[in-house]
2 protein chains.
Amino acid sequence: MSRPAGVSRQTVTRAVNDMPGINPGTRDRVLAAARELNYHPSRFGRGLVKPSARTLGLLVGDLTNPYYADLAATVLRLAATRGWNVVMAEPGSVADLVGAADAVVGFTGLALEPPGAGAPNLPVVEIDPPRAHPAHGRIEFERRAATREAVRHLLERGTRRPLVLDLPGGSPRAAAFVDAFAEAGVHADVVDRDAGWVDLAPRAPDALVAFNDLGGFRLLRDLAAHDVGVPQQVRVVGVDGLALGEFVTPRLSTLAIDLAEVARAALDLVVQLAQGSAGGSPEDPVRVVPHRFLARGST
Amino acid sequence: MSRPAGVSRQTVTRAVNDMPGINPGTRDRVLAAARELNYHPSRFGRGLVKPSARTLGLLVGDLTNPYYADLAATVLRLAATRGWNVVMAEPGSVADLVGAADAVVGFTGLALEPPGAGAPNLPVVEIDPPRAHPAHGRIEFERRAATREAVRHLLERGTRRPLVLDLPGGSPRAAAFVDAFAEAGVHADVVDRDAGWVDLAPRAPDALVAFNDLGGFRLLRDLAAHDVGVPQQVRVVGVDGLALGEFVTPRLSTLAIDLAEVARAALDLVVQLAQGSAGGSPEDPVRVVPHRFLARGST
DNA sequence: CTGAAAGCGCTTACAG
DNA sequence: CTGAAAGCGCTTACAG
């Protein structure tokens with residue numbers, strides 16, 4: 001680049017970075033050459049030599065799901081506030097992301113391989129992980145209390161034959177519902193999370209616990225199509241607390257998690273880990289965020 | 001790092017990168033020291049010396065809006081396929097993003113300052129930009145045809161007093177609706193995009209064109225709260241084509257854009273610009289993506 | 001106002 | 001199996 005423009009490297013630096021102490025004519029000539037050659041400075045060369053924004057890797061599921069999108073929105077905003085950039089990836093491409101980030105936050109439970117593989121000691125904060133990793137921080141969800149509240153709410157309204165929709169492998173959220181019903185002496189069957197009303201009707205349920213809000217929306221639509229009254233005949237509960245639950249008919253009751261709080265906690269923790277002094281691990285790299293039950297029209 | 005471990009730099013490289021030709025004992029010792037010192041290799045040092053994934057900057061509005069989230073989801077997936085990383089930012093923080101990316105795609109119309117400021121010749125593709133920028137590629141939306149179709153649909157169903165909700169500054173989408181109504185000899189008033197039914201009712205409209213789908217959802221909810229029949233008393237049209245329009249009651253008719261196609265076109269274009277040979281600009285750095293009208297329950 | 005030297009932290013040959 | 005040398009593309013002092 002400096003060759004064709006007929007100037008030295010550092011003159012290029014001065015022109016491209018709009019620094020003082022350069023002849024305007026020279027600068028214009030250099031910029032013209034830069035444009036001509038489609039030159040732009042290497043992020044790596046620059047990053048090596050001057051302090052630059054750190055980059056946070058954010059690992060989320062399909063952004064089409066507002067649950068992940070809402071979390072990402074808050075993380076983006078908070079990261080910008082702290083002067084961090086954010087690289088995002090969906091689960092498949094974790095390894096690359098690790099090479100591109102200074103720290104990682106996200107739903108590592110979705111990933112195919114363990115996070116941090118190939119890059120030792122990258123600070124990692126896992127959100128709602130299936131199991132604790134000794135070297136990672138984590139954000140844990142506390143569902144028991146809110147689940148009990150939801151169950152009490154359903155029982156007070158006459159629920160006796162609830163059905164809990166769940167992943168094939170089983171999940172903590174479904175287990176929590178089954179347990180809470182059992183505590184009250186009511187048995188809750190578990191069925192596949194993608195089941196439709198044609199599958200469910202034979203069991204004559206009077207309440208459905210969806211796997212998440214998106215599943216709840218799907219059920220509401222399916223029930224409406226079959227002229228099943230909600231909440232009169234069947235009550236429906238979602239999980240996640242999506243803002244969109246306010247827009248469906250009837251509005252979806254749900255076990256909500258405050259994603260802004262999750263994002264804030266995760267960022268605090270990962271920054272703490274990233275800036276932690278050598279050898280010293282923070283006292284307890286865990287934050288707990290509680291769900292809360294939002295009773296709306298569908299129950 | 002190599003000092004405390006008692007080995008040379010390149011032995012550290014071999015250990016950390018899991019390369020062959022290193023004594024297992026040495027490797028373990030180095031890795032232990034790395035963990036102890038909270039060391040991890042500089043992205044910049046490495047990036048300077050070995051070919052690494054390029055990084056795409058993605059500039060979108062609030063991810064809380066499924067419109068942006070859906071676009072981001074597709075961009076993420078497509079970028080991963082091509083081996084690009086993706087840094088995301090919302091409008092305020094464009095400048096930083098430019099320093100962190102090798103190319104930029106997004107809704108630059110949302111940005112406060114022009115994209116590319118401070119970094120000459122960064123390839124940029126703008127989506128639905130307010131005005132053309134000579135050096136940038138762009139994805140243009142073609143709304144006229146679908147807008148005419150939506151208007152014809154409304155007129156056939158008896159619409160005579162339509163209201164178009166718009167930004168304070170005015171927007172192409174609203175203008176297209178007003179024009180299409182005018183062509184058919186029907187006058188459409190423009191009102192603020194945040195207007196509620198209490199503001200609108202005095203004008204006795206029989207159709208409402210929301211600013212976007214989110215606005216449409218809001219209107220549906222507002223109308224339901226006031227016991228206004230949709231579509232019997234008032235018809236409602238949104239813009240964007242969000243999948244969630246299928247879940248509200250009634251389902252929202254909308255001017256849909258295929259965001260997957262937008263993402264694909266934008267990525268093709270930006271990659272082409274990024275890899276373009278010096279001095280040679282592609283024939284025509286513009287792609288046009290048409291809207292199409294989706295008639296659903298709300299009209 | 002402009003350029004020659006040094007160094008950022010890594011990896012890739014090349015020697016031992 | 002391990003290390004000394006060279007160089008990736010930049011910027012920051014320092015000379016002229």
Side-chain angles (χ1 to χ4, degrees), chain A residues 1-34 37-55 85 95-96 98-103 118-123 274 278, chain B residues 1-35 37-55 85 95-96 98-103 118-122 274 278:
Chain A
M1 166 62 211
S2 54
R3 204 71 50 77
V7 299
S8 67
R9 313 192 34 61
Q10 45 276 53
T11 297
V12 174
T13 291
R14 283 187 272 253
V16 164
N17 294 351
D18 201 29
M19 299 167 88
I22 180 175
N23 184 308
T26 309
R27 183 180 54 224
D28 292 349
R29 192 155 39 88
V30 173
L31 290 179
L37 297 167
N38 195 26
Y39 162 86
H40 72 268
S42 155
R43 295 183 290 119
F44 300 114
R46 178 180 294 181
L48 207 49
V49 84
K50 50 179 347 187
S52 64
R54 312 196 61 153
T55 298
N85 284 126
D96 320 320
V98 164
D102 301 303
N121 267 22
L122 195 60
Chain B
M1 164 62 209
S2 54
R3 204 70 52 74
V7 298
S8 68
R9 312 192 36 59
Q10 45 276 54
T11 296
V12 174
T13 291
R14 283 187 273 252
V16 164
N17 293 351
D18 202 27
M19 300 167 88
I22 180 175
N23 183 307
T26 309
R27 184 180 52 228
D28 291 350
R29 192 154 40 86
V30 173
L31 290 179
R35 197 160 308 258
L37 296 168
N38 195 27
Y39 163 85
H40 72 268
S42 155
R43 295 184 289 119
F44 300 113
R46 179 180 293 180
L48 207 48
V49 85
K50 48 179 352 186
S52 64
R54 313 195 61 153
T55 298
N85 284 125
D96 321 320
V98 164
D102 300 302
N121 267 24
L122 196 60

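Chain A is the first sequence line, chain B the second, and so forth, proteins listed ahead of strands; every chain is numbered from 1. Excluded from the calculations below are hydrogen atoms, water molecules and symmetry mates; all remaining heavy atoms, backbone and side chain alike, are included.
- Proximity of T26(A) to the phosphate of dC1(C): no side-chain N or O atom is located under 4.0 Å from OP1 or OP2.
- Following rounding to the nearest Å, R9(A) (CZ) and dG7(C) (P) show an atom-to-atom distance of 17 Å.
- Look at S42(B) and you won't find any side-chain N or O under 4.0 angstrom from OP1 or OP2 of dC10(C).
- In this structure, T13(A) reaches the bases: a heavy-atom distance under 4.0 Å links it to at least one base atom across the strands shown.
- Residues Y39(A) and V16(A) form a side-chain contact, since some pair of their non-hydrogen atoms from C-beta on lies under 4.5 Å apart.
- Residue S8(B) places no side-chain N or O under 4.0 Å from the OP1 or OP2 atom of dT2(D).
- Here T26(B) contributes atom OG1 and L31(B) contributes atom CG; the two are 10.5 Å apart, rounded to the nearest 0.5 Å.
- Comparing R14(A) and F44(A) against DNA chain D, the residue whose closest nucleotide sits nearer the 5' end is F44(A).
- In this structure, the side chains of R43(A) and T55(B) come closer than 4.5 Å at one or more pairs of heavy atoms.
- Here the P atom of nucleotide dT11(C) and the CG atom of D18(B) are 13 Å apart, to the nearest Å.
- Expressed to the nearest 0.5 Å, how far NE2 of H40(B) lies from CG of D102(A) amounts to 5.0 Å.
- Atom pair H40(A):NE2 and dG9(D):C1' shows a separation of 12 Å (rounding to whole Å applied).
- Between R46(A) atom CZ and dT12(D) atom C1' there is a gap of 14 Å when expressed in whole angstrom units.
- Nucleotide dA15(C): paired with dT2(D) (Watson-Crick or G-U wobble, both distances less than 3.5 Å).
- For K50(B) and dT12(C), the shortest distance from a side-chain N or O to OP1 or OP2 is below 4.0 Å.
- In this structure, G45(A) and R27(B) both approach DNA chain D, and ranking their closest nucleotides by distance from the 5' end singles out R27(B).
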Between R46(B) and N17(B), does a side chain to side chain donor-acceptor pair (under 3.5 Å) hold up when you go through it step by step?
CA-CA 11 Å; R46(B) 179 180 293 180; N17(B) 293 351; 3.0 Å; yes
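- One interatomic measurement links the two molecules: CG of L48(B) to C1' of dC8(D), which rounds to 4 Å at whole-angstrom precision.
- Between Q10(B) atom CD and dA15(C) atom P the separation is 15 Å, expressed in whole Å.
- Here the P atom of nucleotide dG9(D) and the OH atom of Y39(A) are 10 Å apart, to the nearest Å.
- Following rounding to the nearest Å, I22(A) (CD1) and dT11(D) (P) show an atom-to-atom distance of 12 Å.
- At a cut-off of 3.5 angstrom, the base of dG9(D) holds no donor-acceptor pair with the side chain of R43(A).
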